[in-house]
Novice: 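Sharing a structure with you now.
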Amino acid sequence: MASHRYVQQVAAPGAAALLGGVPRLRAVAPPRTAAVSTARRWPAWFLLIAGIALALGSVAGGLPTTTAGATKMLDAFAPHLTDESLARLDGDVDAIARFGAAARAEAAAGRLAAAPRTVDYANRSADVEANARELLASARAAKPDVDALARIRGLSTLPQLLLLVGIALAVAGAVLLRSRSAPPRRWATAAAALCAVALVVHPFASGLVAGAPSAGRVVDRFAPIMTEQQVVRLQRDFLALVGAVGEIDRGTTVRRTPEIRAFTASWQTVSSDLASLTGAINDNLPDYRRLACTNAVLPVPGGTFAALPWAELVLGLAVGGAVLGTRRKALP
């Protein structure tokens, strides 16, 4: 807009003759022009910053390793937490209890003098049974939450999805900040709109809203059994059983009561179940610790995973608002 004053030649009657034909000049106001509108810049800045934050947050704290490890842990425990497996483990624990009671009765009667390993197991049998029942109770209590967590679709690839969405948002924001031509801006706006839809739809479509709060409960339910001390205890109990059963099978002078005979006959199944469950606990201790640490990052009810779907939803709505903001103009 010009800063100088507009002038207009105005000839007053008789003035031309008086001034030698030179017209008198009169100042007039400049013509009014419409204000030129420009695109708002805050939506582009928001998309750029939100995209960078989302991309960094998706890999911060080892989230990809945590979700991949959680999926691996769920797959490892799934065979042990079916109704059939839990019923079989119940039978195994009952068999261990009957064998322990029979061994204690024989030891009390003084008939195990030539069977030191069976005597050792008889002395520890009550603790072995109690440990086995506590383990089974914790596993059964965790089953509903383990099943809910396992129903989340794409849990192991969630960080990669958030990373891609974050990169797309950051690129869209950068394009909107730098480009003045219409085609690139349209493509950037469309990409940001797709990201907003993905962030809003994904928590519901993947089952994250329903299943994510179960992560904290799985951590709590597994806390008594997912420890190195528990693994050592289970291994010690297993070795005590192996020693007693091996001693009996070698023909040691142990009276074969019906309970002892039934247990030695089922020992192959019982030992396989116990060894498999102990192995699953031992192999997944690092994955459990990572899950527990990641879930404790946010001090909110239910932990990090419980807040994750709602954070996605809020961010998606905010991105949608920024996309709508790009369609409006700002006056200078």
Side-chain angles (χ1 to χ4, degrees), residues 47-79 81 142 145-174 191-192 194-223 226-228 279-316 318-319:
L47 294 176
L48 176 63
I49 295 172
I52 293 174
L54 181 60
L56 293 177
S58 66
V59 297
L63 185 60
T65 306
T66 299
T67 55
T71 303
K72 171 177 167 289
M73 183 178 71
L74 294 173
D75 291 342
F77 277 101
L81 296 180
D145 294 309
V146 170
D147 292 342
L149 197 60
R151 283 194 293 269
I152 298 177
R153 290 175 288 278
L155 177 62
S156 62
T157 58
L158 174 61
Q160 290 82 349
L161 173 64
L162 297 179
L163 176 63
L164 291 176
V165 171
I167 292 174
L169 288 175
V171 171
L194 287 176
C195 291
V197 172
L199 289 171
V200 171
V201 172
H202 174 262
F204 299 97
S206 65
L208 199 61
V209 170
S214 297
R217 292 193 291 270
V218 167
V219 170
D220 294 338
R221 299 292 190 187
F222 274 1
M226 297 298 290
T227 64
E228 292 179 353
I281 294 172
N282 186 54
D283 294 343
N284 290 279
L285 284 177
D287 299 320
Y288 170 79
R289 292 194 190 104
R290 277 193 293 268
L291 177 62
C293 289
T294 301
N295 200 58
V297 169
L298 292 181
V300 297
T304 303
F305 281 89
L308 186 57
W310 304 111
E312 269 194 80
L313 181 60
V314 170
L315 180 59
V319 170

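Sequential numbering from 1 along the given sequence is applied to the chain's residues.
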Novice: Working to the nearest 0.5 angstrom, can you tell me the gap between Ile281 CD1 and Met226 CE?
Specialist: 6.5 Å

Novice: I need the Asp287 CG to Thr67 OG1 distance, nearest 0.5 Å.
Specialist: 10.5 Å

Novice: Tabulate below the donor-acceptor pairs under 3.5 Å that side-chain atoms of residues 197-213 make, not counting sequence neighbours, or state none.
Specialist:
from, atom 1, to, atom 2, distance (Å)
His202, ND1, Glu312, OE1, 3.1
His202, ND1, Glu312, OE2, 3.2
Ser206, OG, His202, O, 2.7
Ser206, OG, Leu208, N, 3.4

Novice: Would you indicate whether Arg290, at its atom CZ, is surrounded by more than 12 heavy atoms from other residues, nucleotides or ligands within a distance under 6.0 Å?
Specialist: yes

Novice: Does Asp145 reach the main-chain N or O of Val218 with its side chain, forming a donor-acceptor pair under 3.5 Å?
Specialist: no

Novice: What's the separation between atom CD1 in Ile152 and atom OG1 in Thr71, rounded to the nearest 0.5 Å?
Specialist: 9.0 Å

Novice: Minimum heavy-atom separation for Ala307 to Leu298, with atom names?
Specialist: CB-CD1, 4.1 Å

Novice: To check you understand the geometry: which heavy-atom pair defines the closest contact between Ser58 and Pro64, and what is its length?
Specialist: O-CD, 3.5 Å

Novice: What is the distance from atom NZ of Lys72 to atom CZ of Phe77, rounded to the nearest 0.5 Å?
Specialist: 9.5 Å

Novice: What's the separation between atom CG in Asn295 and atom OG1 in Thr66, rounded to the nearest 0.5 Å?
Specialist: 10.0 Å

Novice: Any idea which heavy atoms bring Val319 and Ala192 closest together, and the distance?
Specialist: CG1-O, 3.6 Å

Novice: For the CG atom of Leu54 and the CG atom of Leu47, what is their distance to the nearest 0.5 Å?
Specialist: 12.0 Å

Novice: Measure across Leu291 and Met73 and return the closest heavy-atom pair with its distance rounded to 0.1 Å.
Specialist: CD2-CE, 3.8 Å

Novice: On a heavy-atom basis, which atom in Ala196 and which in Gly316 lie closest, and how many Å separate them?
Specialist: CB-O, 3.6 Å

Novice: Side-chain contact, heavy-atom cut-off 4.5 Å: Thr227 with Tyr288?
Specialist: no

Novice: List the atom of Thr294, the atom of Leu63, and the distance in Å for their closest heavy-atom pair.
Specialist: CG2-CD1, 4.1 Å

